[in-house]
Every structure is written in C-alpha cells, then in structure tokens.
Engineer: 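Okay, here's the structure, questions in a sec.
Each chain gets a letter, A, B and so on, in the order its sequence line appears, and its residues count up from 1.
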Number of protein chains: 2
Amino acid sequence: MGNDLNDRSRTILEAIVDDYISSGDPVGSRAMTRRHNMDISPATVRNVMADLEEMGYLASPHTSAGRIPTDKGYRYYVDSLLQLRELTSREKQRIEDHCNVEKKSVESLLQETGKALSSLSSYAGIVMAPRFTSTVFRHIEFVRLSGGKVLVVFVSQSGLVQNKLIELDEDLSQRELEKITNYLNNALSGMTIQEVKEKVAAEMKQEKALYDELMQRALNLSDKALAEDVEERVYIEGASSFLELPDFADVGKMKKLFLAFEQKSRLVDLLDKSQEASGVQIFIGSANSYNEIEGCSLITSSYRNVHGTIGTLGVIGPNRMKYSKVIPIVDYTARLISRLMETGLGKEK
Amino acid sequence: MGNDLNDRSRTILEAIVDDYISSGDPVGSRAMTRRHNMDISPATVRNVMADLEEMGYLASPHTSAGRIPTDKGYRYYVDSLLQLRELTSREKQRIEDHCNVEKKSVESLLQETGKALSSLSSYAGIVMAPRFTSTVFRHIEFVRLSGGKVLVVFVSQSGLVQNKLIELDEDLSQRELEKITNYLNNALSGMTIQEVKEKVAAEMKQEKALYDELMQRALNLSDKALAEDVEERVYIEGASSFLELPDFADVGKMKKLFLAFEQKSRLVDLLDKSQEASGVQIFIGSANSYNEIEGCSLITSSYRNVHGTIGTLGVIGPNRMKYSKVIPIVDYTARLISRLMETGLGKEK
DNA sequence: CGTTAGCACTCATGATTGACGAGTGCTAAC
DNA sequence: GTTAGCACTCGTCAATCATGAGTGCTAACG
C-alpha cells in the first residue's frame, strides 16, 4: 500500500492537502485548478476527487462544499507526498537561541524547550521528562523535617531532581540518616531506578539484611522513598495558540482539549508509546483513539544520551498542521537537546 | 465613604449585582422587581438606577439594555453588602479531602491545592509558593555532574526543594564538595535565603576569608548558587473553566487571559502585593491596572507558618464571580494549608 | 475511452426586513 | 416622593432572498 495512486491523483491530493492546511476551508475543484495553474479542467479534478473520496482519502462536510482530507489522507500526504526541506541555518540558530538560554536547571531547560517549540511552530510545544523508573540513579539525600517527616531528594544522572515526603516508623537522627545516605549512594550508583527497586526488594528478603540494622533501615527507607512514581513529567507550552484556530471554534471541543492539557495523563501514555521508536513520529487525528485530543496531530521525537532514550518532545497542533515546517523543527530540536543533555549534564565522567 | 447610600439604594444595588452574577445578562427594572418580589414599582427602581449610574456604581452597555455593575459597584457590594455564610461542615470536609490527599511533596501539595480551589469554586485556582529569597534555609547539597557542572539542591524549612545548575571555575572533588556542604549546612541553618545572601556577601569582603581556602570556596560556590531566583512559583489550575464563561466569548480577551496564565510573571507581582496583608483580599477588575486579566477578579489569602507568611493562594474568576461562595472557600483553604504546613512540614523541631 | 463543457441542483453565507420584547427616560397625576 | 403611562430605543430572532462556490451527471469531443 502507499503508492496505489497514479500520478495525477497524487498531485491532486497533495494540492488539496496543501490548500486545506493553509486556508482551513474545504477546497473545491475550480478554485484549486486556478490556484495551482493546473492544465486540467475542474471537471476532471472532480472525477479524481470522487475517486479519492471513495478510497477514503477525502471527505466532504456537506453536499456542496469542497473536500477536506481525512486522517487517512493526511497520513498518505505525510508518508508519501511530503518533501521536507532542510532548516536554514538562520532557523537553526533561532532554535538554539531559544533552548540555549542559560541552563538554570534541567527542568527549566525542558520547559524552555517547550516554549521554543511552541514559539517556532506557532502551535503548542510539549516536552516529556524521562519516566522516573527508567532514569539512572545519581544521588539520594534525606533531610529531616519536623513531625517525623523526612524529605527524600533524588538526583538522576541527567540532572533531574525529584523530591518526596515520607513518614518514618522509627525516629532516626540526622546522623543515622547520613549513614544511610552514604550507604545508598555507594550501593546504588549507576543503576536505573527500576533496577534499584528490584535490588531493594530482593535484599529485603534476604536473611542477612535482618542482622544488619543499618542496612535494614536503609532498605526500609529506600523502599518507601521509591514506592510511588507520581511526578509532573510533562510540560505543555503555548496551548493558547489553539485559541486562534478556527478548527476549534466550538467551545466544547476547545474545552475538551484544554482539559486534556491540564490532566496530561493520557498524553503521557501517548508519548510513552513514541518513546521507543527513533526519529520523528507523527500521530494523526484520532487515529490514536485518544479522543480527548480529537482533531489534533502530534509530531514527536525522542531525545537521548549515551544511556539511551531519556525523553520525548514534540509539537501538538491541529490536524491541518504545517507538517513541512514543523517536522524539521521537532527533529532538529530533539537532536539539539540530545546534544545538550549529553555534553552538559547527562554523561558521567 | 462606603455607606453614602440609603437603604433602598443598597437593596437595589445588591439585587442587581446578585442577578447579574447569576445570569450574566444586564438586569432591567421590571424583571428585577418581579424576581425579588419587591413592593416598589419598576419606575421607582429606574430612578434609583439612574442615581446609581450617576454615582458610578452601575453602567449600561447601551441605551435600552439593563444595567451592569461597574468595578466600583462590585467593590461596594463586596465591602458593604455581602454577607458571608459559614461553610457547612460537609463543604469543609470536601476541601480537606481535596488537599489532604497523601502528601507526596510540598510542591504537589500546593498543586493539589490549586486543583481543589478550582474544583470547589468552579473558577481557576491559583497557588503561589513562597518567594525564594524569603524562605528559611534548611539544607543545601552539591552533586557533581559531568563537564564541570554541579547541581545545587536547596531544601527550605517548609520542605520546598529547588535545584540549579552551576559551573565551577575550579575543579572540586566530590569530597571537597561534601566538606563545603557540611560547612554551609552548619553555618546557614535557620536563616532566610535573603539573610544568607547578605552574610555571604559580607564575609566575602572580610580579610579572613582570603586565608581560609575552604571557606573561600564555600562562599564562592554559594554566591553562585544563590545568584538568581528564577523558579516556577505559581500553580494555576483549572484555567479551562474560563472557556465556558460567556463573559470571555471574545477570542481576543480569552487569548490575552491565557497568555497571562502562561507567563505568570505579572500575576506573581499581584500576588506578592497581597502577600503582606492578612486575611482575604479581593482585587476587582482592572482596578489593579493589570489589563492582561481584564474582566477578572482575584480572591486571595496568604498562608503562613510560625515564621510568618509563606505564600499566597486564591481563586481567579470573572468579575461577576460568586463572591459569597468563593470567599469562604479561599479563607478556609488558606487556614487549612497553614495548618498543614505548620504541623506536617514547616515547623522545625 | 479519457477528458471536458454544460447544466441543473445543493447549500452555506450574508444582508435585509419586520415583529417582538425588554429596557429606558420623561411627564403628569396621585 | 412615588407611580402609571407613554413614546422611543435597540438587541434578538426568524424569515426571506440573492449570491456564489461547489457537486454530480450527461453528452459531446478529440
């Protein structure tokens, strides 16, 4: 499949998608032939359109309007018709300027990147930090607060920081906490959190742990500390750009979209999916069964350091997104962030 | 000022504001007398309305529409007419259920509180964490990453965590960093960041620092670590509730509002202002010269622990907000958070 | 046989109109 | 001081209509 269309059909489909992307109005046969200086008559175009509609690439909102692309139409356009251009060095520079603003922290780098993606694409930028369980352990710290509460601070190898409050069963002095801290920092260095969890679980079962009080406490504590994985991992920036799109003039749709942005959880699922694949991925319309973001397409790419994929970023926009413009932006940004995380932060010396 | 209206005028003004808040439509004389079973004629009401308009409490969108309250009108209503009711214990329970969800971290507590405020008020909830410079120092930690980068992690007494990347001039081993860490943790405990900054600046000038290499490095490092204050301090939740309000049907207004929510910086100014005052504060309309949030009113209250005010929270909604409902919610939530920060986290043992 | 011109038909859009109703201000009477 | 009455204003809504872009179909053309 993919190339089951003849040349003329392909040309016409491309023209329709192009026109619809830039105007947002259903495109009709005559206006189209004129705009593209085609040397075939509107009637011919109409025949072809009827075929394309039959095949599921186009749809007509109502009898006497023009045609609009279906999800399948967009998909074909993106996969087989679209030719990407390189970014100019000026554009590359703009991306770098946006992201390279003095790195205050990894979190703010990711957030800035989201803003950059939004600003450059004029849609919404989305950046997902690594899933916690798959980050690599770098440092753990326990700080006693009042009321038997202890604040646990983790630092991952890529420089992400997470913190969590836990409650102690038994009162430990700051001194004891420090011992435990040292023990854990030595024992766990370089493992992923997932591995750490497994190791902790395994050792807790072992006999010898029962006799080493310090170790027992350490295990107990880290077990609690790692128990749940409940962080804010997604930054969405520039959602307000959707407000201008006529595609979402319906308040109901818009509301659904913004609620999805606020909840994020479903988006995390979607982005997790794309985490494994390499290169730019494109989710079109509700092809993805996430009807919260109906009418939206998502262009993502993962970023990585020497240890592998560490996160995903991309742009979320309407189905009729300027793919040819956005895809190179996402691609380049992902590479840039990979580079930044590599040289600046992520790599262990 | 405040009571320069006679009883009838006050009754009528109150009725108008009430009606407008619940309907959103300009309220006319006849409909109003009927709705409130008033024993005066519409004509009389009209006379009073004309007076109120003259005095600046009301305005008419056009000749033959009803009246709507001006900012001044709302202000009078809130200050002199509104009578607050206590929350029922069921409502209190709902707030507590929302906020008291297992405290994973201070940040997530604050964010949950924002969601609670939004959900309970059906407007947008807003929560501001303490200004960094005024938080009380609890713990600092340096973690070496690659490329001469060091990650600094601060913990405040209330359990807030912040992190920042800094670059070292000279290469320090993790061992040296630990020494510095210990030194700083002992020397700075219990001071506000502002005081810490001042102390560091003062000591850097002193002769003796020049001879103690460790101390010099420590000062140097902490100077860098504290240099800038660039964090995400504001959580806004439930902004999408504005999408349903007819008051913001105009896309331009809506966009301006959402951009303000995204940028946050102006809101921080506004909330900082209200930080000092105690009790519930109400900002109405553009009385506050923040025209980004034109048409919005803000109800805030600060929360505090034993050391004093540590943050601000509230609800942001349209001018015609259900003040009588929202004010008690904000008040109660602020007290609740104060209590949680007090007993759970903030108080040093 | 593919292509095209011609034609009848559909349908969204936008402007125009008129009835309606809710509202106002003013004046005069109570 | 209060109210009834009245003329007037204006936004809203529904109906109507012209317009124009679009379609599908058929028949003619090269």
Engineer: Applying side chain to side chain donor-acceptor pair (under 3.5 Å), name anything that partners B:Q281, two or more places apart in sequence or on another chain.
Structural biologist: none
Engineer: Which residues pass the salt bridge (charged side-chain N to carboxylate O under 4.0 Å, His left out) test with A:R85, sequence neighbours left out?
Structural biologist: A:E91
Engineer: Rounded to whole angstroms, how far apart are CE on B:M38 and C1' on D:dT3?
Structural biologist: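 That distance rounds to 16 Å.
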Engineer: Between A:S297 and A:N319, do the side chains contain a donor N or O and an acceptor N or O under 3.5 Å apart?
Structural biologist: yes
Engineer: Let me know the distance between CG of B:D25 and C1' of D:dT12, rounded to the nearest Å.
Structural biologist: 12 Å
Engineer: Residues two or more places apart in sequence or in another chain: which of them pass salt bridge (charged side-chain N to carboxylate O under 4.0 Å, His left out) with B:K256?
Structural biologist: B:E294
Engineer: Taking only heavy atoms on the protein side, list every residue of residues 243-253 of chain A lying under 4.0 Å from any atom of DNA chain D, sorted numerically.
Structural biologist: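 When residues 243-253 of chain A is checked for heavy atoms under 4.0 Å from DNA chain D, there are no hits whatsoever.
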Engineer: Without decimals, in angstroms, what is the distance between B:D39 CG and D:dA4 C1'?
Structural biologist: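 Atom CG in B:D39 sits about 17 Å away from atom C1' in D:dA4.
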Engineer: From CD1 of A:I40 over to C1' of C:dA5, roughly how many Å is that when rounded to an integer?
Structural biologist: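 That distance rounds to 15 Å.
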Engineer: Counting a pair only when it is Watson-Crick or G-U and both distances are under 3.5 Å, which runs of at least 3 such pairs involve DNA chain C?
Structural biologist: C:1-30 with D:1-30
Engineer: What string of B, S and - do you get for nucleotides 23-30 of chain D, 5' to 3', if B is base contact, S is sugar-phosphate-only contact and - is no contact with any protein heavy atom under 4.0 Å?
Structural biologist: BB------
Engineer: Distance check needed: D:dG22 C1' versus A:R35 CZ, whole Å only.
Structural biologist: 14 Å
Engineer: I'd like to know if the side chain of A:S118 reaches the main chain of A:G114, judged simply by a donor and an acceptor atom lying under 3.5 Å from each other, with no hydrogens or angles considered.
Structural biologist: no
Engineer: Identify, with sequence neighbours excluded, every residue that meets ring pair (Phe, Tyr, Trp, His ring centres under 6.0 Å) alongside A:F242.
Structural biologist: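 Expected list: A:F248, A:F261.
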Engineer: Quick one: side-chain contact (heavy atoms from CB on, under 4.5 Å) partners of B:R8, sequence neighbours excluded?
Structural biologist: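 Partners of B:R8 under the side-chain contact (heavy atoms from CB on, under 4.5 Å) test: B:N6, B:I12, B:I40, B:T44, B:V48.
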Engineer: Which residues pass the side chain to side chain donor-acceptor pair (under 3.5 Å) test with A:D250, sequence neighbours left out?
Structural biologist: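 Here no residue qualifies.
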Engineer: Which part of the nucleic acid does B:R34 contact within heavy-atom distance under 4.0 Å: base, sugar-phosphate only, or nothing?
Structural biologist: nothing
Engineer: Return the set of residues passing salt bridge (charged side-chain N to carboxylate O under 4.0 Å, His left out) with B:R35 (not counting sequence neighbours), or none when no residue passes.
Structural biologist: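 Result, salt bridge (charged side-chain N to carboxylate O under 4.0 Å, His left out) vs B:R35: B:D19.
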Engineer: Going by the rule salt bridge (charged side-chain N to carboxylate O under 4.0 Å, His left out), which residues pair with A:K253 if we only count those two or more places apart in sequence or in a different chain?
Structural biologist: none
Engineer: Any salt bridge (Lys or Arg N to Asp or Glu O under 4.0 Å) involving residues 41-56 of chain B? Give me the pairs, sequence neighbours left out, ordered by first then second residue.
Structural biologist: B:E53-B:R67
